[in-house]
Amino acid sequence: MKDYLDAELRATLAATDGVPDDFEPMLEKPNDPSHGDLATNAALQLARHLRKAPRQIAEELVEALDLDPARIAEVSVAGPGFINFRFAEEFLADALAELLEASRSFGRTADAQGRALVEYVSANPTGPLTVGHGRNAVLGDTIANLLDWAGYDVTREYYFNDAGRQMRVLAESVKARCEALLNPDGPTKTLTVGEGETVEVPASFPEDGYQGQYIVDIARALVDEHGEAAAELSLDACQQAAQETIFAMIERTLERLDVEMDAFFNERSLYDEGKIEATLSKLRDEGTVYDADGATWFKTTAFGKEADTVLVKSTGEPTYRLPDIAYHVDKFERGFDVMIDVFGADHIATYPDILSALDVLGFEKDRVDVVIYQFVTLVRGGEPVKMSTRMANYVTLDELIDEVTADVARFFFLMRSANTHLEFDLDLAKEASDKNPVFYLQYAHARICSVLRKAEEVGFTADAAPDLGLLTHDAEVALIKTLRRFPAEIRKAAQARAPHYVPQYLREVAVAFTTFYDQCRIIGQDEALASARLALARATRIVLANGLTVLGISAPDRM
RNA sequence: GCCCACGUAGCUCAGUAGGAUAGAGCAGCCGCCUCCUAAGCGGCAGGUCGCAGGUUCGAUUCCUGCCGUGGGUACCA
């Protein structure tokens with residue numbers, strides 16, 4: 001419908017004297033439903049060019065428009081010069097029929113084409129996933145779902161590095177714990193953790209070691225397996241054991257959130273295949289890399305940064321930035337049309353360098369989109385839950401899921417825009433009541449299922465082809481109008497890489513449905529009307545279920 | 001210091017390719033279950049859209065400065 005109006009409007013404008021060729025009319029859904037279903041401010045925008053009063057331009061445009069009355073029932077000029085359009089009821093009945101026909105695929109479009117890569121989670125296997133990783137995982141997974149629904153062929157990828165300093169410290173932490181388990185009376189030392197907190201650790205434990213209980217568990221498994229020999233294990237063996245155990249933990253956690261990756265990309269493969277060197281030498285060829293003080297630098301000052309950035313340390317070891325660049329080059333070489341990175345706010349300074357490098361190397365950096373999300377604060381009893389940067393007193397993602405369920409965790413991570421600091425109210429999240437927004441949506445779905453069951457119980461058989469034109473009650477019309485927007489909402493969320501539009505829209509659907517439910521009885525009406533209303537209820541269930549599917553949240557049949 | 005976000009109702013947050021009286025949830029107040037799920041519905045109240053300038057017919061939205069919060073400013077990731 002929007003496309004139809006847009007085309008008609010453009011055609012009329014093109015035939016109007018004085019309208020610039022490149023003029024783009026805007027069509028929007030007005031905030032106030034009494035203003036109609038779609039509106040354009042074209043007359044206001046043209047006022048300056050045409051040197052005429054906006055209202056007069058609007059009147060003339062309306063006069064010139066020749067619209068199909070089966071689709072647009074009413075056109076009016078209002079306010080300072082807005083043109084408002086109202087849909088015809090026949091059109092709405094058709095739209096509803098289409099929705100029912102599309103069913104589980106309603107909302108899927110083929111607007112977008114090509115292959116998309118979404119990179120997310122990307123936590124190194126040094127410990128259990130935290131709440132922050134949870135936000136990352138759920139955002140990435142949902143963006144991937146949205147792109148899938150928008151028509152892309154989507155790959156979900158997890159990038160990790162098992163070679164760097166972090167992993168070395170991990171191995172040392174495990175080894176120290178092995179030694180201590182075999183020799184419980186061995187020497188110890190005291191480490192200061194965070195603000196004044198101290199912890200007693202084995203003397204061989206690294207200063208910045210990982211202190212979680214899971215390290216001790218891994219060590220114990222090694223001791224059980226190797227006995228006394230566990231103390232003599234190489235760091236490589238310790239790392240191997242730790243990495244396997246931790247990756248298994250991570251994958252289990254992701255599975256609980258219904259997050260499934262298509263691929264795990266190991267940074268190491270970039271070294272093995274010579275891609276790090278190749279990328280560096282190409283950058284060097286472009287003259288954006290130089291050597292100084294024994295290190296290799298990237299001229300980020302040429303891209304507006306204050307200082308240049310080290311790519312290879314004087315030790316000969318690259319910083320993480322170089323593999324990051326090489327990784328993105330690899331993504332381009334694999335032929336993705338769209339690449340999305342989901343990063344925490346603490347990475348905000350790194351991606352401009354990656355984009356600059358891609359630009360230098362001749363890649364279209366616009367094909368890369370970086371979604372930055374802000375940190376999560378857990379709130380309990382009105383107070384923020386303290387989380388030290390040390391893993392020792394971090395709330396893990398598993399603990400969060402244990403406490404609030406995966407559905408609720410996903411919804412809370414998705415209901416706010418990524419770019420805002422998320423306050424996660426644990427008390428509200430756990431509450432199984434009307435205060436909890438996720439239950440509101442699920443309840444609406446369960447309620448529809450209940451009505452459909454009830455209809456069956458009382459032996460009501462709906463018409464195979466109900467007369468949808470009977471749905472003329474205000475609540476019915478409003479509901480149909482809300483439902484038919486679903487594909488556009490999905491498209492909007494996919495384009496903006498903004499999952500939070502979806503929960504907001506679904507709430508509108510649930511509100512429109514409960515209003516309808518409240519005002520229009522279904523069972524007990526005459527058969528034709530009951531059939532039509534049952535069809536409308538089924539259509540609502542489809543939209544809620546499809547929307548919740550995109551969000552990765554269950555749609556229960558009963559509650 | 002510099003860079004990047006953010007600052008909207010008591011609280012948590014939407015909204016802004018500049019547009020018609022700034023929205024929602026929660027909290028507060030008032031109503032509503034002989035009837036398909038009251039985990040619900042209707043209504044009331046609540047705002048100098050951080051502050052000050054600028055651009056514009058029109059600014060919560062764009063620009064500048066200031067204030068506040070968070071993040072980044074390592075040859076750590």
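Chain A is the first sequence line, chain B the second, and so forth, proteins listed ahead of strands; every chain is numbered from 1.
For G18(B) and C36(B), the C1' atoms lie 47 Å apart once the distance is rounded to whole Å. For the P atom pair drawn from G46(B) and A9(B), the interatomic distance equals 15 Å after rounding to whole Å. Taking atom C1' in both G15(B) and U21(B), the straight-line distance is 16 Å, to the nearest Å. Annotation: A27(B) and C41(B) have their P atoms spaced 13 Å apart (nearest Å). Taking the P atom of each, A77(B) and G72(B) are spaced 15 Å apart, rounded to whole Å. If you take atom C1' in A17(B) and the same atom in U69(B), they sit 28 Å apart, rounded to whole Å. Taking atom P in both C63(B) and U55(B), one finds a spacing of 16 Å when rounded to whole Å. Atom name P, nucleotides C4(B) and G65(B): the rounded distance is 11 Å, in whole Å.
For A20(B), the base is stacked against the aromatic ring of His35(A), per a cut-off of 5.5 Å between centres and 30° between planes. A20(B) has Phe82(A) stacked on its base ring, the centres lying under 5.5 angstrom apart and the planes within 30 degrees of parallel.
Using a 4.0 Å heavy-atom cutoff across all strands shown, Ala349(A) reaches sugar-phosphate atoms only and no base atom. Among the atoms of the strands shown, only primed sugar atoms or phosphate atoms (P, OP1, OP2) are found under 4.0 Å from some heavy atom of Arg165(A). Note on Ala455(A): nothing from the nucleic acid sits closer than 4.0 angstrom, heavy atoms only. Within the nucleic acid shown, Ser450(A) comes within 4.0 Å of at least one base atom, counting heavy atoms only. When heavy atoms are screened at a 4.0 angstrom cut-off, Cys449(A) is found touching no nucleic acid atom at all. Among the heavy atoms of the strands, none lies under 4.0 Å from Met415(A). Residue contacts shown for Leu44(A) include a base, since a base heavy atom lies under 4.0 Å away. At a threshold of 4.0 angstrom between heavy atoms, the contacts of Ala444(A) with the nucleic acid are absent. Nucleic acid contact class of Arg558(A) (heavy atoms, under 4.0 Å, all strands): base.
Comparing G19(B), A20(B), A77(B) against the side chain of Tyr320(A) picks out A77(B) as the nearest. Listed nucleotides A20(B), C36(B), G70(B) differ in distance to Lys454(A); the shortest reach to its side chain belongs to C36(B). Taking every side-chain heavy atom of Asp293(A) into account, C75(B) is the closest of G19(B), A38(B), C75(B). When each of A38(B), A39(B), U12(B) is scored by its nearest atom to the side-chain atoms of Met559(A), the top-ranked nucleotide is A39(B). Comparing G71(B), C75(B), C41(B) against the side chain of Ala345(A) picks out G71(B) as the nearest. Of the candidate nucleotides C41(B), A5(B), C36(B), C36(B) has the atom nearest to the side chain of Tyr517(A). Side chain of His500(A), nearest nucleotide from C13(B), A14(B), A24(B): A14(B). Taking the side chain of Ser314(A) as heavy atoms from C-beta on, and the options G70(B), A77(B), C75(B), the nearest nucleotide is C75(B). Side-chain proximity of Gln166(A) to the nucleotides C6(B), C75(B), A77(B) is greatest for A77(B). With distances taken from any side-chain atom of Ala295(A) to the nucleotides C75(B), A14(B), C41(B), the minimum falls on C75(B).
With hydrogens and angles ignored, no donor-acceptor pair under 3.5 angstrom links the side chain of Asp346(A) to the base of G71(B). With hydrogens and angles ignored, no donor-acceptor pair under 3.5 angstrom links the side chain of Thr420(A) to the base of C13(B). Within 3.5 Å, a donor on the side chain of Asn84(A) pairs with an acceptor on the base of A20(B), or the reverse.
We find that Asp162(A) and Arg168(A) are not joined by a salt bridge, their nearest charged nitrogen and carboxylate oxygen being 4.0 Å or further apart. A salt bridge links Lys331(A) with Glu119(A): at least one charged nitrogen is closer than 4.0 Å to a carboxylate oxygen. Between Asp37(A) and Lys29(A) there is no salt bridge, since none of the side-chain N atoms of the basic residue sits less than 4.0 Å from a carboxylate O of the acidic one.
If you measure from atom CG of Asp518(A) to atom P of A38(B), you get 9 Å, rounded to the nearest angstrom. Atom pair Glu28(A):CD and G19(B):P shows a separation of 7 Å (rounding to whole Å applied). Rounding to whole angstrom units, CD of residue Gln374(A) and P of G72(B) are separated by 11 Å. Rounded to whole Å, the distance from CG on Leu422(A) to P on C13(B) is 7 Å. Rounding to whole angstrom units, CZ of residue Phe411(A) and C1' of U12(B) are separated by 13 Å. If you measure from atom CG of Asp474(A) to atom C1' of C41(B), you get 16 Å, rounded to the nearest angstrom. Taking atom CG on Leu46(A) and atom P on C57(B), their separation rounds to 16 Å, with Å as the unit. Arg416(A) has its CZ atom 13 Å from the C1' atom of U8(B), to the nearest Å.
At G15(B), one or more side-chain N or O atoms of Tyr501(A) fall inside 4.0 Å of OP1 or OP2 (strictly under the cut-off). One finds no side-chain N or O of Ser417(A) lying less than 4.0 angstrom from the OP1 or OP2 phosphate oxygen of C13(B). Close to C41(B), at under 4.0 Å from its OP1 or OP2, lies no side-chain N or O of Thr515(A). Under 4.0 angstrom from either OP1 or OP2 of A39(B) there lies no side-chain N or O belonging to Asn436(A). Contact check, Arg447(A) against A38(B): a side-chain N or O comes under 4.0 Å of OP1 or OP2. OP1 and OP2 of A77(B) both lie 4.0 Å or more from every side-chain N or O belonging to Tyr159(A).
An anti orientation is assigned to C57(B), its glycosidic angle lying beyond 90° of 0.
Mapping Thr40(A) and Phe375(A) onto RNA chain B via the closest heavy atom, the residue that lands nearer the 5' end is Thr40(A). Mapping Ala510(A) and Lys313(A) onto RNA chain B by nearest heavy atom places Ala510(A) at the nucleotide closer to the 5' end.
Side-chain contact of Asn161(A) with Gln166(A): a donor-acceptor pair under 3.5 Å is absent, judged by distance alone. With 3.5 Å as the limit, one finds no donor-acceptor pair spanning the side chains of Gln504(A) and Glu508(A).
Between the side chain of Trp297(A) and the main chain of Ala292(A), a donor-acceptor pair closer than 3.5 Å is present. Without hydrogens or angle criteria, Thr40(A) side chain to Ala42(A) main chain gives a donor-acceptor distance under 3.5 Å. Listed for the Asp427(A) side chain is a donor-acceptor partner under 3.5 Å among the backbone atoms of Gly381(A).
As the counterpart of C32(B), G40(B) is assigned, both hydrogen-bonding distances of the Watson-Crick or G-U wobble pattern falling under 3.5 Å. The partner of G46(B) is absent, by the rule that a Watson-Crick or G-U pair needs both atom distances under 3.5 Å.
When ring centroids are compared, Phe264(A) and Phe247(A) come within the 6.0 Å threshold.
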*Hey, mind stepping through Val312(A) and Thr319(A) against side-chain contact (heavy atoms from CB on, under 4.5 Å) and telling me if it holds?*
CA-CA 6 Å; Val312(A) 183; Thr319(A) 63; over 6 Å; no
